[in-house]
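I have placed the structure first, in the form of structure tokens, so that the comments after it can refer back to it.
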Amino acid sequence: MTSGGYGVRQHRFTAWALAHSTVAIVVVSVTMLVQPQPANAQLITPGKLTSAHSELEGVRSCTRCHQLRKQGTSDDKCLECHEPLKIRVDLQRGWHATIADTSCGGCHKDHFGVEFDPIQLDTTAFDHSRTGFDLVDGHQGVGCRDCHQPQFVTDRVVRAFKEKHGRLERTLLGVATTCVPCHEADDPHQGQFARRGCEECHQQNTWDKAQLFDHNESRYRLTGKHREVECDDCHKPVWRRASRESYNRYVDIDHSQCTDCHEDVHENDLGPRCTDCHDTRDWHRIVNPSSFEDRFEHETLEFRLAGKHLDADCAECHGKPPSRTAELVISYVPGTAQLAYPHPVAEVCTDCHLDYHDGVFEKSSGGLECEHCHNEDAWSPGLYDFERHNDQSEVELTG
């Protein structure tokens, strides 16, 4: 009885358990049928892609970045799409060619939402020299976006790729490494050196000086005093109407003869070639004095030579230092002593010639004017004869 009753109760419990188990199975089965998609979707698509990759959104595009049964992204697939970067890596150019970890996904994460930036760059610690363009001197401390701007991207492949995807303003690739594309608006030469790079003459520490320019490699070699003048002394500012600003002219300057730059103080009396008498070592130095003096025409000056003056050496009147002899005492017009041929003070004879008579004739008629008794043909004998002597004596006695 007891055992029979236990058997009956066991049978009833089993029936109840089976009944409720069936319900549980049905409930679980229904639950699995109702909720499989979100769970699987979370495993297949862990999150929204960034805006840059938004066109790849959806399960059907997974294999464009991922390989089946392999975790993470495929580097080959990344570079297959990012062609400008692949070109640089293949050529061993740029920052990406220098990093040891070549896994794209190791640095650039995705599936964190549309607003997420996959380029997590610490600009304060970034070593720009690894890009192939070292920031030195004037380029130090410049902000990234001061240079990495759309108008400065000159690489055609980068530009086409970024414009296609609407990311040109975001890229850090393709900026020119030469000066002109970035500094063209700052060009003070107004296109005079369009075929030459700024770096041929300038360094990055200062743009104001052309430290690397060698004038001797130009069409006009600098010699003598020309080496001491400043660039602006010869290369004067000119006005360009088109740009409404001035600039220093460095090309197409006439320099075939000295008078292209220098005023001819001789007013062409000595011919057009200054180099016949001068060189660049000293403007007041005569290269060949004897040749110059032999052909110089003194009559072109205010003091015309005549008589014995024609036989005098130039140095007797124009020497350095001025002549001081028993017969001569030369003094120069102020401001002319540094000239090759200083200007003697020569208003009257005694400006140069000592008074041999030691002032005897100061009170005579005519005073000390030597030409009363002498002329330039010969200083001796004088023209003061007995007749004039007697006449002079009578004047003095009756006076």
Side-chain angles (χ1 to χ4, degrees), residues 221-230 233-234 255 257-364 366-384:
R221 296 174 60 87
L222 298 182
T223 59
K225 292 291 185 180
H226 282 150
R227 295 175 179 173
E228 302 175 10
V229 300
E230 294 293 332
D233 291 338
C234 297
H255 57 273
Q257 53 189 7
C258 301
T259 51
D260 288 332
C261 299
H262 299 278
E263 179 185 359
D264 181 7
V265 297
H266 306 298
E267 298 180 351
N268 205 36
D269 290 336
L270 303 180
R273 294 196 311 174
C274 304
T275 52
D276 288 344
C277 303
H278 303 275
D279 63 20
T280 59
R281 288 174 292 177
D282 187 348
W283 309 125
H284 306 301
R285 176 179 177 272
I286 303 301
V287 178
N288 188 357
S290 60
S291 174
F292 164 74
E293 294 171 0
D294 290 343
R295 61 189 179 84
F296 180 72
E297 298 178 358
H298 211 286
E299 60 268 19
T300 61
L301 306 178
E302 294 181 4
F303 191 93
R304 295 170 178 262
L305 299 182
K308 288 296 184 179
H309 280 141
L310 289 171
D311 299 332
D313 290 334
C314 299
E316 290 188 52
C317 298
H318 302 282
K320 292 183 177 181
S323 298
R324 296 286 190 273
T325 67
E327 298 179 352
L328 295 175
V329 53
I330 304 294
S331 61
Y332 296 140
V333 174
T336 68
Q338 79 282 3
L339 300 178
Y341 289 84
H343 301 169
V345 176
E347 297 294 332
V348 295
C349 299
T350 51
D351 285 337
C352 298
H353 298 275
L354 290 173
D355 180 12
Y356 178 79
H357 304 291
D358 197 20
V360 170
F361 296 104
E362 285 184 1
K363 297 181 180 180
S364 65
L368 289 176
E369 294 183 11
C370 303
E371 58 268 24
H372 288 173
C373 301
H374 304 275
N375 61 32
E376 295 178 86
D377 292 331
W379 312 121
S380 178
L383 302 178
Y384 193 84

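Given the structure is predicted, the values throughout are model-derived calculations rather than measurements. Atom set for the values below is all heavy atoms of this structure, side chains included, hydrogens, waters and symmetry mates excluded.
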Just verifying a value: how many Å separate T280 OG1 and R221 CZ, rounded to the nearest 0.5 Å? 11.5 Å
Specify the closest pair of heavy atoms between W283 and H278, including all atoms of both residues, with the distance to one decimal. O-ND1, 2.9 Å
For residues K320 and A337, report the shortest heavy-atom separation together with the two atoms involved. CE-O, 3.3 Å
Euclidean distance, H262 NE2 relative to T259 OG1, rounded to 0.5 Å: 9.5 Å
Name every donor-acceptor pair, under 3.5 Å, that has one atom in a side chain of residues 323-335 and the other anywhere in the protein, sequence neighbours excluded.
from, atom 1, to, atom 2, distance (Å)
S323, OG, E316, O, 2.8
R324, NH1, I330, O, 2.1
R324, NH2, I330, O, 3.1
T325, OG1, E327, N, 3.2
T325, OG1, L328, N, 2.9
Y332, OH, G319, N, 3.2
Y332, OH, G319, O, 2.2

Taking only residues two or more places apart in sequence, or in another chain, which ones meet C373 in a side-chain contact (heavy atoms from CB on, under 4.5 Å)? Y384, R388
Output the distance between atom CZ (F296) and atom CG (L301), rounded to the nearest 0.5 Å. 4.0 Å
Which pairs count as salt bridge (Lys or Arg N to Asp or Glu O under 4.0 Å) when at least one residue sits in residues 271-281, sequence neighbours excluded? R273-D276, D279-R281, D279-R285
Show the nearest heavy-atom pair for residues C370 and C349, with the distance to one decimal. SG-CB, 3.6 Å
Gap between atom SG of C234 and atom CG of L222 - 0.5 Å precision: 7.5 Å
Taking side chain as C-beta onward, heavy atoms only, is L383 less than 4.5 Å from H374? no
Compile the donor-acceptor pairs under 3.5 Å between side chains in residues 306-313 and protein atoms, sequence neighbours left out, one pair per line.
from, atom 1, to, atom 2, distance (Å)
H309, ND1, E376, OE1, 2.4

Sequence neighbours excluded, the answer for ring pair (Phe, Tyr, Trp, His ring centres under 6.0 Å) partners of H318 is Y341
Locate the shortest heavy-atom distance separating T336 from H343; write the atom from each residue and the value. OG1-N, 3.2 Å
Evaluate whether atom CD of E302 has more than 12 neighbouring non-hydrogen atoms of other residues, nucleotides or ligands under 6.0 angstrom away. no
Nearest 0.5 angstrom please: C314 SG to L305 CG, how far? 8.0 Å
For residues 353-361, tabulate all N or O donor-acceptor pairs below 3.5 Å that involve a side-chain atom, not counting sequence neighbours.
from, atom 1, to, atom 2, distance (Å)
D355, OD1, H357, N, 3.0
D355, OD2, G359, N, 2.7

What distance do R227 atom CZ and K225 atom NZ have between them, rounded to the nearest 0.5 Å? 12.0 Å
